[in-house]
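Positions are given from 1, in the same order as the sequence printed here. Remember, predicted model here, so these are calculated numbers, not experimental data.
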Amino acid sequence: MASADHQCERHPTEAHKHNGNHPQGLVCPVHSPVAEEAKRTRKAIGRNRDYVKISVPEGQPIRLPMEWWKTLLAFVYAAFNLVLTTVVITVVHERVPAKENSPPLPDKFFDYIGRVKWAFTVTEVNGMVLVGIWSTQWLFHRYRSILGRRFFFLMGTLYLYRCVTMYITTLPVPSMHMTCAPKLYGDSQAKLQRVLQLISGAGLSITGSHIMCGDFLYSGHTVMLTLTYLFIKEYSPRSFWWYHLLCWLLAAVGVACILVAHEHYSVDVVVAYFITSRLFYWYHTMANVQILRSTPSYLTHTWWNPIFNFLERNVQTQVPCSFCWPVTWPPACLKNPCKKYSMVQSAREE
């Protein structure tokens with residue numbers, strides 16, 4: 001039997017090669033550049049026996065389970081704290097001193113900037129726009145369940161902290177223009193109606209539901225403006241700088257208008273921004289740096305660390321910025337299960 005080299009010499013392409021007419025696309029499999037390079041590599045390895053073989057592990061696919069039931073629990077947690085906030089506001093409202101007896105506290109910002117009546121409307125409109133943008137972005141994100149439970153947990157925790165600060169320290173109204181609803185004292189049924197009214201109007205002044213005072217330290221509007229912007233920026237492409245800039249302007253203008261409208265003291269806004277941003281960065285540092293979960297550190301000494309471990313136990317990598325359609329069409333229940341079988345059957349019959 002002829003060797004491979006001898007067979008290659010008798011291949012018709014050799015005749016073309018000698019004639020100078022090498023046909024395009026026909027290459028000798030033995031004397032091709034790839035084969036020659038492989039031969040040289042084998043000879044080099046034979047001369048140097050002390051080589052080390054390095055095994056490269058195959059890349060593991062990213063596995064991020066949805067776990068919607070955890071997202072539902074985080075939503076219930078956030079909803080409970082929002083309702084608790086309305087109850088605390090109703091209770092604190094009864095303790096707010098009358099502005100005639102306790103005038104507003106001195107505030108350096110108010111000393112230089114006069115009140116603009118329509119400014120607080122700008123704040124609430126910007127807040128609703130940011131919430132709408134974040135809701136749309138969340139809806140189209142591939143890992144929306146993970147993002148949802150992170151957002152609900154952080155929002156619920158921030159409003160839980162707000163309940164504590166509002167209850168332990170009751171500040172007088174920040175401006176004389178504010179008109180507070182009459183005190184109800186022991187009328188529990190009327191207080192319950194105020195709670196329901198506040199919930200139905202989402203606590204916004206433009207809906208007419210915000211008629212009580214006392215919810216000053218710290219600002220809930222600043223919390224939502226800051227939190228939605230941070231989530232929008234964190235879970236969108238880094239190259240969308242114009243998108244981030246637009247959302248930042250909406251949040252910054254909204255926060256500034258809170259002070260321009262004299263609806264909150266400056267300390268209310270500063271504390272709200274500081275707590276919201278620090279809690280967001282704290283949580284996401286622990287979520288994105290895996291070694292911090294298993295190594296004891298000061299970051300793990302928070303009261304909510306067990307809840308964090310429960311929510312993030314199966315999220316072993318940083319959530320990628322990936323988007324998809326929220327609803328596939330047609331749904332799986334409407335797809336024809338016999339279509340693939342029919343194709344196989346028709347192929348066999350042929």
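Side-chain rings of Phe140 and Phe323 stay apart, their centers remaining 6.0 Å or farther from each other. Within the 6.0 Å centre-distance limit, the rings of Phe231 and His284 are counted as a close aromatic pair. Within the 6.0 Å centre-distance limit, the rings of Trp69 and Phe310 are counted as a close aromatic pair.
Under the 4.5 Å side-chain criterion, counting only non-hydrogen atoms from C-beta, Tyr143 is in contact with Met66. Considering only heavy atoms from C-beta on, Leu64 comes within 4.5 Å of Pro320 through its side chain. A 4.5 Å side-chain heavy-atom check between Leu292 and Thr300 finds every atom pair outside the cut-off. With contacts defined as side-chain heavy-atom distances shorter than 4.5 Å, the pair His262/Val260 does not qualify. For the pair Tyr273/Val255, no side-chain contact is recorded, criterion being any heavy-atom separation below 4.5 Å from C-beta on. Under the 4.5 Å side-chain criterion, counting only non-hydrogen atoms from C-beta, His93 is in contact with Arg194. Under the 4.5 Å side-chain criterion, counting only non-hydrogen atoms from C-beta, Gln290 is not in contact with Gln318. The shortest distance between side-chain heavy atoms of Leu130 and Cys247 falls below 4.5 Å.
Scanning for salt bridge (charged side-chain N to carboxylate O under 4.0 Å, His left out) contacts around Lys70 gives Glu67, with sequence neighbours left out. Residues forming a disulfide (SG to SG under 2.5 Å) with Cys180 (at least two apart in sequence, or on another chain): Cys213.
Between the Lys99 side chain and the Met176 main chain, a donor and an acceptor come within less than 3.5 Å of each other. At distances below 3.5 Å, not a single donor-acceptor pair connects side-chain atoms of Arg162 with backbone N or O atoms of Thr85.
Among residues at least two apart or in separate chains, side chain to side chain donor-acceptor pair (under 3.5 Å) pairs with a member in residues 238-252 are Gln137-Tyr243, Ser236-His244. Among residues at least two apart or in separate chains, side chain to side chain donor-acceptor pair (under 3.5 Å) pairs with a member in residues 217-232 are Glu124-His221, Ser219-Thr222.
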Verdict with reasoning, Phe308 to Arg313, per side chain to side chain contact (heavy atoms under 4.5 Å, CB included):
CA-CA 8 Å; Phe308 168 85; Arg313 180 176 295 113; over 6 Å; no
Take Thr157 and Tyr283, measure what side chain to side chain donor-acceptor pair (under 3.5 Å) needs, and give me the verdict at the end.
CA-CA 11 Å; Thr157 303; Tyr283 187 99; over 6 Å; no
Ring pair (Phe, Tyr, Trp, His ring centres under 6.0 Å) assessment of Phe152 paired with Tyr77:
CA-CA 7 Å; Phe152 291 138; Tyr77 170 75; over 10 Å; no
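Arg150 and Glu312 are joined by a salt bridge, as a carboxylate oxygen and a charged side-chain nitrogen come within less than 4.0 angstrom of each other.
The OG1 atom of Thr169 lies 13.0 Å from the CZ atom of Phe216; values are rounded to the nearest 0.5 Å.
Side-chain contact annotation: Asp107 with Ser266, donor-acceptor N/O pair under 3.5 Å present. For the residue pair Thr170 / Arg95, a side-chain donor-acceptor distance below 3.5 Å is found, with atom types taken as modelled.
Leu230 and Thr276 get closest at one heavy-atom pair: CD1-O, 4.5 Å. Here the shortest heavy-atom pairing between Gly254 and Asn126 reads N-ND2, 3.7 Å. Nearest heavy-atom pair, Gly127 versus Leu225, reported as atom, atom and distance to 0.1 Å: CA-CD2, 3.6 Å.
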Please tabulate, for side-chain N and O atoms in residues 196-206, each donor-acceptor pair with protein atoms closer than 3.5 Å (sequence neighbours left out).
{"residue": "Ser200", "atom": "OG", "partner": "Leu196", "partner atom": "O", "Å": "3.1"}
{"residue": "Ser200", "atom": "OG", "partner": "Gln197", "partner atom": "O", "Å": "2.8"}

Side-chain donor-acceptor pairs under 3.5 Å in residues 109-122, sequence neighbours left out?
{"residue": "Arg115", "atom": "NE", "partner": "His177", "partner atom": "ND1", "Å": "3.4"}
{"residue": "Arg115", "atom": "NE", "partner": "His177", "partner atom": "NE2", "Å": "3.2"}
{"residue": "Arg115", "atom": "NE", "partner": "Ala261", "partner atom": "O", "Å": "3.3"}

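Between Tyr235 and Trp134, the two ring planes are tilted [angle within 30° to 60°].
The one candidate from Tyr298, Trp304, Trp303 that meets the ring pair (Phe, Tyr, Trp, His ring centres under 6.0 Å) condition with His301 is Tyr298.
Atom CD1 of Ile291 sits in a sparse spot, with 12 or fewer heavy atoms from other residues, nucleotides or ligands closer than 6.0 Å.
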